K.L.:
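Could you have a look at this structure, given as structure tokens, before my questions?
Quantities reported herein were computed from a predicted structural model and do not represent experimental measurements. Convention: sequence-line order gives letters A, B, ...; per-chain numbering from 1.
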There are 2 protein chains.
Amino acid sequence: MTNIKEIAKRAGVSPSTASRALSGKGYVSEEKKRRVLAVAEEFDYAPNLNALSLKTGITRRLGLVAPAFIESVSLFTGGFVRAAEENGYTVTLFMTGSDVFKELEALEALRRKQVDALVFVMFQSELSVIAGYTKYGPIVSWQRIVHENVPSVFMNQYDGYMIALEHLYAQGYRRICNIYGAPIRLNTQSRMEAFQDFCRKYDLDPNACPSFDNMGNTRHGEQMVRWWLENGRIPDAFATTNDRVAAGMVAEARRLGLQIPEDFAVCGFDNLDFADMLDLTTIHYPVNEQAGNAFSIIRNRIEHIDLPLRPLKFHLVQRSTT
Amino acid sequence: MTNIKEIAKRAGVSPSTASRALSGKGYVSEEKKRRVLAVAEEFDYAPNLNALSLKTGITRRLGLVAPAFIESVSLFTGGFVRAAEENGYTVTLFMTGSDVFKELEALEALRRKQVDALVFVMFQSELSVIAGYTKYGPIVSWQRIVHENVPSVFMNQYDGYMIALEHLYAQGYRRICNIYGAPIRLNTQSRMEAFQDFCRKYDLDPNACPSFDNMGNTRHGEQMVRWWLENGRIPDAFATTNDRVAAGMVAEARRLGLQIPEDFAVCGFDNLDFADMLDLTTIHYPVNEQAGNAFSIIRNRIEHIDLPLRPLKFHLVQRSTT
DNA sequence: ATAATTTGTGACATCGATTTCAGGTCAACA
DNA sequence: TGTTGACCTGAAATCGATGTCACAAATTAT
């Protein structure tokens, strides 16, 4: 391989001078500079990034840690990689499958200087474990958490859920059934608060209709429809955990010959790819921009600057299920 | 940072001995080994990977180059990352947005030893440009190409398309309309051949029904349905470019009050995520395993071994649209 | 008893860059 | 004329690991 010494020799200068010529830092006579550049060009010189990383202690590589690369994680990844590449950073993937040990490997990669910083899309580890690694480089989380040294780019789902509820109300639906995810998650708790406040605002009985916990996938949506058909009068509308649950409900309803939104309305959450195909009303939020903010936080810490973060909002995408 | 010199000093040995103790290569007395390991443990030593990469010329990092991270690219990425991580490699992403210049940057990363090898999920560059970089490390393509130095893990879509056609025939459909993608692509040409052979086998007129080119997204599918309603008797069944086109047809048919598969049948291709939600009959192929094969090819070249590749097959996923 | 081999150790070179430092030239200025 | 500062250069140190080599001691083989 042609290294800088080789170039220096062929140009008849010392490596120091060659380095200065190539990097443009420090004094070099016009003539030698020209010669070095010409030789570098001729011999197709490209600096070895590992040498550079070793010398400077900076890799310009960021690690993205996620359980898998599906759905909105892919979106986030795309947004993060774009932001990173635009600023001369590169992104290295760590796929954990929600395995704590794999998460630890990503953290170790930070310690061993394989990457300058990490962004956790989601994690299972104790927050304190992750925070313990911040001394080796910035760590940011997409998952909603509260910790002094580990900033999170989450959005408060209170607002998003409220938009969904207000929309259902505006469409005339009054008996609304909530289908929630895991109650332990802060996002779920925010949604519950939103519902309480919503009922108070419009003077509705929050217990008029039972709500459901720990629902998250298509099968759950299907079950939901069947449960209601067997156990009483179906609600006017459903506010759901996410688009998967909503999709399951729509599919099952169609199979059973029910009309949506006539027999019942459904609002999803996330605005995943397939929501469009299924013509699903849903709540959209800008995953791309969240990823951009995650990158900005990291860059701020690494380069000691102070880029502003973009303020982010939920919005309703109305389609034919409400 | 604690480096190996520090550890050596504290353990009262030379860096060479410390290195031998830690790596387990070469002779070290039991006693010194114990001491070094104890000190390393105590001071939380972790070797600097950049130093290692510089010294050995090996990074154990692979580059994955793709236009964006959506749909099957995500699947491929997931499979590739899993295979890589299982074997102690790490994956770095390069997102090109189909920009030739960005593709070049990925190639340059290979040259500068940021990664040991590259896999192109898709590319726009001249094949010769890419092949020119194989001297810096193995390069594999998912996109179907033919080049001595750039192996490709494509599957011949002749087989997959034939399965679709045979299925439609078995279901009793005789007037079959082909909706193709870009005719310039080898995959499209293979499908056309499959259709010719199919017609010959069952003594059907290949021109009984016009076929369509350059179709690829949901809108195209919708257009297709409307075109047929305006321009003559709708075919018995459609064999489509991919699930997006098929999804568009299904959605539009539903909107227009047509029954599927009674009014016409549709078979997709790819078995994307949403095919399940839309209950779409489609052709599945193992993207994960393709990614695994891509990794195996790379590993074979890097480590000079000869892992076998997994033979891969298409199969039909029958749902309610045929 | 001697030769050959195994075991054990540290000094030093190396990977490929940058950066510090010391020293040199030259022009401008007091 | 002496001083100052800008410009230019190369030797050598540095980043953090590994690996070669020379040398010594202990063990085994002949």
Side-chain angles (χ1 to χ4, degrees), chain A residues 1-37 39-40 43-61 88 108-116 136-137, chain B residues 1-37 39-40 43-61 88 108-116 136-137:
Chain A
M1 292 298 113
T2 51
N3 53 23
I4 200 169
K5 251 188 224 159
E6 181 80 13
I7 300 299
K9 200 197 301 177
R10 297 209 190 256
V13 301
S14 72
S16 332
T17 303
S19 170
R20 280 188 291 257
L22 262 1
S23 71
K25 312 181 141 184
Y27 297 118
V28 193
S29 68
E30 266 314 307
E31 204 243 324
K32 297 207 169 170
K33 185 168 191 165
R34 231 180 357 80
R35 241 162 53 208
V36 169
L37 261 33
V39 173
F43 288 86
D44 222 25
Y45 169 74
N48 182 314
L49 291 181
N50 296 313
L52 230 140
S53 296
L54 172 59
K55 178 65 176 148
T56 61
I58 290 169
T59 63
R60 292 191 87 83
R61 239 176 280 131
E108 282 296 309
L110 178 62
R111 190 151 80 97
R112 294 161 142 235
K113 303 199 170 300
Q114 178 156 53
V115 294
D116 293 337
Y136 301 113
Chain B
M1 290 299 115
T2 51
N3 54 23
I4 200 168
K5 249 188 226 157
E6 180 80 12
I7 300 299
K9 201 197 298 172
R10 297 209 189 255
V13 301
S14 71
S16 329
T17 303
S19 170
R20 278 188 294 257
L22 290 166
S23 70
K25 311 180 142 186
Y27 297 114
V28 194
S29 67
E30 267 313 308
E31 204 243 323
K32 298 206 171 172
K33 185 169 192 168
R34 231 178 357 81
R35 242 163 49 212
V36 169
L37 260 34
V39 173
F43 288 86
D44 223 25
Y45 169 73
N48 182 312
L49 290 180
N50 296 313
L52 230 143
S53 296
L54 171 58
K55 178 62 176 152
T56 62
I58 290 169
T59 63
R60 291 193 86 83
R61 237 176 283 130
E108 281 295 310
L110 178 61
R111 190 152 81 97
R112 294 160 143 236
K113 302 201 172 299
Q114 179 156 52
V115 293
D116 294 336
Y136 302 112

K.L.:
Pick out the pairs of N or O atoms, protein on one side and nucleotides 25-27 of chain D on the other, that lie under 3.5 Å.
P.N.:
none

K.L.:
Which parts of residues 8-16 of chain B get close to DNA chain C, meaning a heavy atom less than 4.0 angstrom away?
P.N.:
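Listed by number, they are B:Val13, B:Ser14, B:Ser16.
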K.L.:
Can you name the salt bridge (charged side-chain N to carboxylate O under 4.0 Å, His left out) partners of B:Arg10, sequence neighbours left out?
P.N.:
B:Glu6
K.L.:
Starting from the first five and the last five pairs of the helix from C:dA1-D:dT30 to C:dA30-D:dT1, work out the angle between the resulting helix axes, to 10 degrees.
P.N.:
50°
K.L.:
Do nucleotides 22-27 of chain C as a string where each nucleotide becomes B, S or -: B if the base has a protein heavy atom under 4.0 Å, S if just the sugar-phosphate does, - if no protein is that close.
P.N.:
------
K.L.:
What residues, two or more places apart in sequence or in another chain, satisfy side-chain contact (heavy atoms from CB on, under 4.5 Å) together with B:Ser53?
P.N.:
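Result, side-chain contact (heavy atoms from CB on, under 4.5 Å) vs B:Ser53: A:Asn50, B:Thr59, B:Arg61.
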K.L.:
Got a sec, which residues hit side-chain contact (heavy atoms from CB on, under 4.5 Å) with A:Lys5, two or more places apart in sequence or on another chain?
P.N.:
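Result, side-chain contact (heavy atoms from CB on, under 4.5 Å) vs A:Lys5: A:Asn3, A:Pro15.
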K.L.:
In chain order, what residues pass the side-chain hydrogen bond (donor to acceptor under 3.5 Å, both in side chains) check against B:Ser14, with sequence neighbours excluded?
P.N.:
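Only B:Thr17 meet the side-chain hydrogen bond (donor to acceptor under 3.5 Å, both in side chains) criterion with B:Ser14.
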K.L.:
Answer yes or no: does a side-chain N or O of A:Asn48 lie under 4.0 Å from OP1 or OP2 of C:dG16?
P.N.:
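Looking at the OP1 and OP2 atoms of C:dG16, neither is under 4.0 Å from any side-chain N or O of A:Asn48.
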K.L.:
What pairs meet the salt bridge (charged side-chain N to carboxylate O under 4.0 Å, His left out) rule with one or both residues in residues 46-60 of chain A, with sequence neighbours excluded?
P.N.:
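As it turns out, the salt bridge (charged side-chain N to carboxylate O under 4.0 Å, His left out) pairs with a partner in residues 46-60 of chain A, which skip direct neighbours, are A:Arg60-A:Glu303.
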K.L.:
Can you pull out the residues from residues 49-61 of chain A that lie within a 4.0 Å heavy-atom distance of DNA chain D?
P.N.:
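Of all residues in residues 49-61 of chain A, the ones placing a heavy atom under 4.0 Å from DNA chain D are A:Leu54, A:Lys55.
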K.L.:
Can you list, in residue-number order, the parts of residues 22-36 of chain B that come under 4.0 Å of DNA chain D, counting heavy atoms only?
P.N.:
none
K.L.:
What residue pairs, at least two apart or across chains, pass side-chain hydrogen bond (donor to acceptor under 3.5 Å, both in side chains) with a residue in residues 26-36 of chain A?
P.N.:
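The answer is A:Glu31-A:Arg35.
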